[in-house]
Amino acid sequence: MAKQAKDPLAALLGADVKVEKAVPLKRLGVDLIVKALDGKTIGRLSEQATHYSGKGAKREAHIDEQKYGGNIIASASVNLNFGDPKLLEKYGASDAGDCVQKALLAGEIAKITSAILDISGFGDPEEQIEEIKN
């Protein structure tokens, strides 16, 4: 028996764009709630983490993956403000993205970033970073 195709218009009209996910952080014994980010926000965060070298035809873009990951997490966190002055002071961080890098372990950052990109409609975060670079 063939499965009946769902009407794409009806599916889109009924879709919830406010997608959230709980990411358990075992070390801290808490869940970090993250939300999906739209393409415009992800593009802006990518640009903030990009620096350029060379001039003219030899100009190349380089994305700082640590800064990008920190900014993605800081922007998508629902139940924790990484820009809280108490956190910034404790970790000696300059901004929310820097605080993410200093407060969380590398594996935690990778896990959270992957969850954010997944609920935002992207597949593998490594592939997504490669797409941004190109």
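Since the model is a prediction, treat every value here as computed from it, not as a measurement.
For the pairing with Glu108, the salt bridge (Lys or Arg N to Asp or Glu O under 4.0 Å) check across Arg27, Lys102, Lys26 returns one residue only, Arg27.
The shortest side-chain heavy-atom distance between Ile33 and Lys21 does not fall under the 4.5 Å cut-off. Inter-residue side-chain proximity for Cys99 and Lys90 is flagged as unmet; no heavy-atom pair is nearer than 4.5 Å. Counting only heavy atoms from C-beta outward, the side chains of Ile42 and Leu117 approach each other to under 4.5 Å. In this structure, the side chains of Ile109 and Val100 come closer than 4.5 Å at one or more pairs of heavy atoms. Side-chain contact check for Leu25 versus Ile112: some heavy-atom pair is nearer than 4.5 Å. Counting only heavy atoms from C-beta outward, the side chains of Tyr68 and Ile72 approach each other to under 4.5 Å. Inter-residue side-chain proximity for Leu80 and Leu87 is flagged as met; some heavy-atom pair is nearer than 4.5 Å.
A donor-acceptor pair under 3.5 Å is absent between the side-chain atoms of Asp95 and the main chain of Asn71, judged by distance alone. Without hydrogens or angle criteria, Lys67 side chain to Asp98 main chain gives no donor-acceptor distance under 3.5 Å.
In terms of hydrophobic clustering, with Ile, Leu, Val, Met, Phe, Trp and Tyr side chains grouped at heavy-atom distances under 4.5 Å, Leu37 and Ile119 are assigned to a common cluster.
Between the side chains of Thr50 and His62, no donor N or O sits under 3.5 Å from an acceptor N or O.
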